[in-house]
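Note sheet for the following structure.
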Amino acid sequence: MVEKKRRRIEIKARIEIFERILNCEKFDIRCEICECDIGDTLILQEWDNLTEEETGRTIEKEIKYILLTENQLRPQTQEEKHNFQTILF
C-alpha cells in the first residue's frame, strides 16, 4: 500500500479561535476552505480582524479526524454553496 504524502497547510485563525485551540480545544469548525486529509498538519496563524494582520503566533496541529457536512442553514445556489468541515486534532 502506498502511503499518501502528508501536507502542511497554513490557515488563518481569528484571535478567539486561536486562543481556544491554544487552551486545548480539540476541534475547529469552518467552511470547507481547504482540502485536507487525516495526518496532515494544520498551521494555524493567529489573525487580528481589527488590524487585518497576522499577530505572528502560530500553532501546529495534526488532523486526526474530518467530518464534512452540508450547509443547510439557508438556501443557496450551487455556485455559492459551502459545506462545513469539523476538524479534530
Side-chain angles (χ1 to χ4, degrees):
M1 183 174 171
V2 177
E3 189 171 320
K4 190 172 184 177
K5 183 176 178 176
R6 296 183 177 180
R7 294 174 290 172
R8 296 173 55 81
I9 303 163
E10 295 181 358
I11 60 173
K12 295 177 184 172
R14 293 189 327 254
I15 291 174
E16 59 273 13
I17 294 169
F18 187 90
E19 284 293 330
R20 287 196 329 244
I21 294 170
L22 184 64
N23 292 316
C24 297
E25 188 150 301
K26 302 282 186 213
F27 66 93
D28 187 19
I29 300 173
R30 53 180 65 228
C31 284
E32 187 178 9
I33 55 148
C34 65
E35 188 175 315
C36 55
D37 293 309
I38 294 169
D40 288 348
T41 299
L42 282 185
I43 303 168
L44 297 144
Q45 299 169 328
E46 187 178 41
W47 179 259
D48 187 331
N49 281 351
L50 297 175
T51 63
E52 296 186 357
E53 294 180 350
E54 293 178 11
T55 66
R57 297 196 312 168
T58 61
I59 303 172
E60 293 189 18
K61 294 286 186 176
E62 182 180 338
I63 298 172
K64 306 240 186 270
Y65 183 81
I66 301 168
L67 174 67
L68 294 175
T69 55
E70 277 190 31
N71 179 2
Q72 298 179 358
L73 299 177
R74 64 180 176 86
Q76 298 173 330
T77 65
Q78 192 63 30
E79 292 78 28
E80 65 182 3
K81 187 173 185 175
H82 295 284
N83 295 326
F84 290 105
Q85 287 176 314
T86 302
I87 302 171
L88 276 61
F89 308 117

side-chain contact (heavy atoms from CB on, under 4.5 Å) assessment of Arg6 paired with Glu62:
CA-CA 10 Å; Arg6 296 183 177 180; Glu62 182 180 338; 3.9 Å; yes

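- For the atom pair Glu35 CD and Asp40 CG, the distance stands at 9.0 Å (nearest 0.5 Å).
- By the side-chain contact (heavy atoms from CB on, under 4.5 Å) test, Glu60 pairs with Arg8, Thr41, Ile43, sequence neighbours left out.
- Side-chain contact between Ile63 and Leu42 is present, with heavy atoms from C-beta onward closer than 4.5 Å.
- Cluster annotation: Ile17 and Trp47 are assigned to distinct hydrophobic clusters (Ile/Leu/Val/Met/Phe/Trp/Tyr, side-chain heavy-atom contacts under 4.5 Å, transitive).
- Evaluation of the salt bridge (charged side-chain N to carboxylate O under 4.0 Å, His left out) test over residues 43-54, restricted to residues two or more places apart or in two chains, returns Glu46-Arg57.
- Taking OG1 from Thr58 and CD1 from Ile11, the interatomic distance works out to 12.0 Å, rounded to the nearest 0.5 Å.
- If you take CD1 on Ile59 and CD on Glu19, they are separated by 8.0 Å, rounding to the nearest 0.5 Å.
- Atom CD1 of residue Ile15 and atom OG1 of residue Thr51 lie 7.0 Å apart, to the nearest 0.5 angstrom.
- Across all non-hydrogen atoms, the minimal contact from Lys61 to Leu44 is CG-CD1, 4.2 Å.
- Closest approach of Ile66 to Ile38, counting heavy atoms only: CD1-N, 3.9 Å.
- Contact of the Arg7 side chain with the Lys5 side chain is not registered, since no non-hydrogen atoms from C-beta on lie closer than 4.5 Å.
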